[in-house]
Each structure stands twice: as C-alpha cells, then as structure tokens.
Amino acid sequence: MYGNNALGFPILSLVTLLPLLGAVIIAFLPRGAKNAVRWTAVATAGIDMLLMLVVLFSYNHEQAGFQFREQFEWAPGLGLQYYMGVDGISILLFFITSLLSLVAIVYSFGNIDHRVKEYYASFLVLETGMLGVFVALDLVLFYVFFELTLIPMALLIGIWGHGRKLYSAVKFFLYTLAGSLVMLGAIISLFVQTSGAPGGPTLNWVDLMRLAPNFSYGFQLWMFWGFFFAFAVKMPLFPFHTWLPDAHVDAPTAGSVILAGVLLKMGGYGFLRWLIPLSPEASRDWAVVPITLSVIAILYGAYVTLVQRDLKKLIAYSSVATMGFVVLGIFTFTTQGVQGAVLQMVSHGFISGALFLGVGVIYERLHTREIARLGGLANLMGAFTALFVLLSLANLGLPGTSAFVSEVLVTLGAFKVNPWLAVPVYAYIIVSAAYMLWMVARVFYLGQPQGVHIGVEANPAAGGHVGGHGHGHEQGHEPAAGAALPGMKLWQEAVPLAGLALLSIFIGVWATPFLETMQPAVAALLDYLGVPPDTGTAFLR
C-alpha cells in the first residue's frame, strides 16, 4: 500500500532502486564500450536526480510524520516488511545523496579509465545502498541497505584508490563491519523482544516507537550501546575515527566526495532515527557519553588538522571535528541543537564534497597534495582559486554560508544545556580559522609549486579547453611568467564546484525553508523523549 503517498506510485522505491537497475544494465554492456558505460551511469544518476526533485518539491513541509509511504509485508510470519517513507530529516539527506552521487559520477567521466565497467557498476550499487538507508522504516531493510554500502565503497578505495589503498580499504571494511555486527546483535535481540508483544514480532519503525518506552531499562541500555557503536564508527566519532583519514587520503576523488558527503551522515542519521527512539530513557541518562566524546572529537579534530601537511588529510581530519558538532547538537536534545546537527550534516555534505573535489582538481594537474610543494596557485588557476577559497571560508563557518548557521544553532543548543559546552565550540572556531587560512595562504598565495612540472598555458580562445585533461604537466616545465595550468573542465569540475558553493551560500542566506522542513520531525522526536525543547539534556544542568 502507499499510505499517504500523494503521488500514487512508489516514487521512493523508484529513486532508490533505479541506480541498481543502472548497474545491472552496465553489467551487460561490452567491456570495451567505455563511453557507453559512462553515459549509462551519467544518465542513470541524472534521471534519478530529476525524480529526487519530484520528491523534494512534492513534499509537504508543514506536515508531520512520514510521507510517500510504501509498505507491504514480504515475510508475514516473521513480521518483516518492505516499508519506506521520508520525513523532514530524512528528505534532506535523501536529496544530498542523490545530488552528490551525480556530481561524483560526472566528475569520474574521463578521469577513470581502468576497469570502467566495474567502477560505475560499483558506484551505482553504492548509491542505491545510501539512498535506501535514509528511507527504510523497517530495521531489517535498513540493515540491508546499510551493509550494501560497505563492499562497493571498499572496492572503490582498494581498486581505484592511491597510496596504501588496499590497507585503507581493508581497514575501512573491518571497522565498519565490526560496528555493523554489533548492531545486528541488537536487531536480533529486538526481534526476540517484540515476539511476545501483541502483533509481534515486528521491526517496523512505527510499531517500535509504540513498544520502546515499555522496554526494560536494561534492554534499553543494550539497544543504546548496540546501535551507538555501529553509528559512532560510521560517523566516525572519536575514538573510532582512525579509519577515516586513511580511507579519505587513499580513495579516488569521487570516492572521497561520497565518503565525506554522504557515508558519514549515515551515522548521525542512525542516532536520530533508530538509537534514540529505541532507547529513550537510556538515551536521556547516558547522553553524557556521546557529548563528552563529541567535545573531544571537536578539539582533537581541530588541533590534529592544524598540523597536517597533506591537503586531503587536512580536510579529512576537519571532518572529524565537524561530525563532533553533529553529535553534540543531537544529544543536547534541544530544538536548536538537533536542527543545527541536521543542518550541519547537509552543509558538510555540500562543503566537504566540494573541497575534496577541489583537491582532485589540484592533484590531477600537479600530481601532489603536499602543501609544502604547492604554492602560488592563484596565479595559475584564477577561477578555481576563487571557488576553492570560498569553500574554505565556508568550511570555517564564514557568516553567509551554511556552516555558520548550523554552528550557531548547535552552539545555542549547547549553551542552553550548559554554558561551558560552548567553550570547545569557540575554541574550534578559532583553530579552524587558523588551519584553513594557513592552508589557503600556502597553497594559493605564497611561493610557487616546488618539484612539479606545469604544462603550457591553456588558451580557450585558441582552441585550448576550459578543461584539458590535466596531464600537460607531465611533459611541461617549471612555472614561468604567464604560465598557467589547464583550466577547469566545465561540466566535470566548474559546474559542480560552483553549484555546491552556491548551495552553501543559499542555506547561509536563507536557511528558513530547511529549518521549517525539519521542524515537525525534530519536535516530534523531542516530544517522544519527553524532553522540554528549551531545556535539553538534564544531567548537565
């Protein structure tokens, strides 16, 4: 059945499963038909994005509860259902997943020439897994999609990555798998627990919300820790973060965009959708743990980022601090804190995805990410410099950008709970400004590239491209007066970077539509917890 699905057809299933269909089509294409494979992937992701816009613009932003619901039983005897729906929280993450997947696939066009068929098939399977996580309302279905992202991402790192790619892929796989196995144990326990309930067993989100407040405190504690470990690893939250820098640094550019822009958000979403609702009393009592770890993550991430010398690793460690903000906002249990956390996930998706894309642009042309070997790129890549500097300022929370709004909201939520919680936030703002401005100065405005070769100046007016392939430096020369790197490729680099930067500015200038969209879902969550929205987590007051 379709419940309150105003469109009258399974739009969520179509958006979620279309990339999987694209992967199947690619599997039957000839191995040598590389362009056919590429265009099939781009067309699939593009059509999926158009369908996503139908969902986004058809969504009733004033209505609480789940919309576009699709529900039927596929194992009635076990109480397992195919149940999908979106609310004001999940629809925003659903949107950025589709958008960043399209950006990553378009960027890969022409940049990936090794095992092209397997690459795009893996990417589309990964997209289906990520989309499914944000719309699944049955816990087994959620787990299937959650796990579906694991192997494709590991393959992207291990086959098409750089450096110690196999080590990083295995480390990512084992860390995430360990967390998932603990969650699987919690899901099995939940299935057994609900078997004796009227209408049980059930793993349906709506039914579980009815049953969870009556779970014993000991069982709620098991739910809390079982799901907490899985989602803390996925984010990743300190001290489960050590897989992230390796995976980021060694992943291909498109893989880093998805890893930072979407996969990390699955952990924060899991806290909101499953952990807190399944253990309301335990979540209130034990919020001290995630809040403490989030404060450590914010400070640790900021100061470790300050000493990084690899451009990609610098952005990766900044994500550790940003995800700390998300956890802090969620577990303040205030309206501003939770809204700020959700908005931070959306904002970070745009900004970090674009920054990793920008690092890919630099690496493709100079074959280095060492900050000490870069310099003076503003003289060589003028338009790109403007975009990258803007995104860097957005990352440190420049007023008028999305990160500023989300950080202010999280700070307000934390201050309401305990003014001392605002201290690490202020420290992060200072340190993040230091490392981002330090990076921008050395990469773009001071010195010149060291030990790298630069191709002759690209002249679009003379038939040179806004975008050559970025390999001219291999046979070029040291930078000289008037030299320039190949300009940005229009559709693969310039449009995605500019578009993501504009989205960050749009939210920074007019965040109201996003806040109004998530407000009913946030209010319902806090009401379910029995926490006054203006007071938040009680233990810290």
Of all heavy-atom pairs between [X] and [Y], which one has the smallest distance, and what is that distance?
{"X": "Ala169", "Y": "Ala154", "value": "CB-O, 3.4 Å"}
{"X": "Gly349", "Y": "Ile96", "value": "CA-CD1, 4.5 Å"}
{"X": "Thr44", "Y": "Pro19", "value": "CG2-CA, 3.7 Å"}
{"X": "Asp87", "Y": "Ala521", "value": "OD2-CB, 3.7 Å"}
{"X": "Ala121", "Y": "Ala23", "value": "O-CB, 3.7 Å"}
{"X": "Leu306", "Y": "Ala434", "value": "CD1-CB, 4.0 Å"}

Answer yes if the side chains of [X] and [Y] hold a donor-acceptor pair under 3.5 Å, and no otherwise.
{"X": "Ser13", "Y": "Tyr82", "answer": "yes"}
{"X": "Asp250", "Y": "Tyr167", "answer": "no"}
{"X": "Lys416", "Y": "Thr332", "answer": "no"}
{"X": "Gln344", "Y": "Ser406", "answer": "yes"}
{"X": "Gln81", "Y": "Asn204", "answer": "yes"}

If you round to the nearest 0.5 Å, how far is [atom2] of [Y] from [atom1] of [X]?
{"X": "Leu18", "Y": "Leu124", "atom1": "CG", "atom2": "CG", "value": "8.5 Å"}
{"X": "Ser90", "Y": "Phe66", "atom1": "OG", "atom2": "CZ", "value": "6.0 Å"}
{"X": "Leu391", "Y": "Phe350", "atom1": "CG", "atom2": "CZ", "value": "12.0 Å"}

Where do Asp246 and Lys171 land on the salt bridge (Lys or Arg N to Asp or Glu O under 4.0 Å) test, with the steps shown first?
-> CA-CA 8 Å; Asp246 291 321; Lys171 189 174 183 179; 2.9 Å; yes

Can a donor-acceptor pair be found, under 3.5 Å and without considering hydrogens, that links the side chain of [X] to the backbone of [Y]?
{"X": "Thr401", "Y": "Leu398", "answer": "yes"}
{"X": "Ser347", "Y": "Leu343", "answer": "no"}
{"X": "Ser98", "Y": "Phe95", "answer": "no"}
{"X": "Glu70", "Y": "Met84", "answer": "no"}
{"X": "Lys234", "Y": "Leu263", "answer": "no"}
{"X": "Gln308", "Y": "Val304", "answer": "yes"}
{"X": "Tyr120", "Y": "Ser108", "answer": "yes"}

Side-chain heavy-atom pair [X], [Y] within 4.5 angstrom cut-off:
{"X": "Leu529", "Y": "Phe333", "result": "yes"}
{"X": "Thr411", "Y": "Tyr428", "result": "no"}
{"X": "Trp438", "Y": "Leu314", "result": "yes"}
{"X": "Val233", "Y": "Phe229", "result": "yes"}
{"X": "Ile276", "Y": "Tyr528", "result": "no"}
{"X": "Met52", "Y": "Thr97", "result": "no"}

Step through the shown structure and confirm whether more than 12 heavy atoms of other residues, nucleotides or ligands are within 6.0 Å of CH2 on Trp420.
->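 No, because the 6.0 Å sphere around CH2 of Trp420 holds 12 heavy atoms or fewer from other groups.
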
Would you say Leu56 has more than 12 foreign heavy atoms packed within less than 6.0 Å of its CG?
->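 Correct, the count exceeds 12.
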
Table please: side-chain donor-acceptor pairs of residues 264-272 below 3.5 Å, with sequence neighbours left out.
unit_1: Lys265; atom_1: NZ; unit_2: Ala260; atom_2: O; d: 2.3
unit_1: Lys265; atom_1: NZ; unit_2: Gly261; atom_2: O; d: 3.4
unit_1: Lys265; atom_1: NZ; unit_2: His348; atom_2: ND1; d: 2.9
unit_1: Tyr269; atom_1: OH; unit_2: Phe134; atom_2: O; d: 3.3
unit_1: Tyr269; atom_1: OH; unit_2: Arg273; atom_2: NE; d: 2.9

Phe172 and Leu259: CA distance, side-chain angles, deciding distance, side-chain contact (heavy atoms from CB on, under 4.5 Å) verdict = CA-CA 11 Å; Phe172 163 78; Leu259 190 59; 4.3 Å; yes

Under 3.5 Å donor-acceptor pairs involving side-chain atoms of residues 321-331, not counting sequence neighbours:
unit_1: Thr322; atom_1: OG1; unit_2: Ser318; atom_2: O; d: 3.0

Centroid-centroid distance, [X] to [Y], less than 6.0 Å:
{"X": "Phe219", "Y": "Trp222", "result": "no"}
{"X": "Trp160", "Y": "Tyr119", "result": "yes"}
{"X": "Phe224", "Y": "Trp286", "result": "no"}
{"X": "Tyr435", "Y": "Tyr303", "result": "no"}

Given side-chain contact (heavy atoms from CB on, under 4.5 Å), test Phe238 with Ser294 step by step and report yes or no.
-> CA-CA 7 Å; Phe238 178 93; Ser294 69; over 6 Å; no

Begin from the C-alpha positions of Leu503 and Ile507 and carry the test side-chain contact (heavy atoms from CB on, under 4.5 Å) through to its verdict.
-> CA-CA 6 Å; Leu503 282 171; Ile507 297 176; 5.5 Å; no

Could you go through the side-chain contact (heavy atoms from CB on, under 4.5 Å) check for Phe142 and Leu139 one step at a time?
-> CA-CA 5 Å; Phe142 171 84; Leu139 197 45; 4.2 Å; yes

Asp310 bridged to Arg369 by N-O distance under 4.0 Å =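 Salt bridge between Asp310 and Arg369, a charged N being under 4.0 Å from a carboxylate O: yes.
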
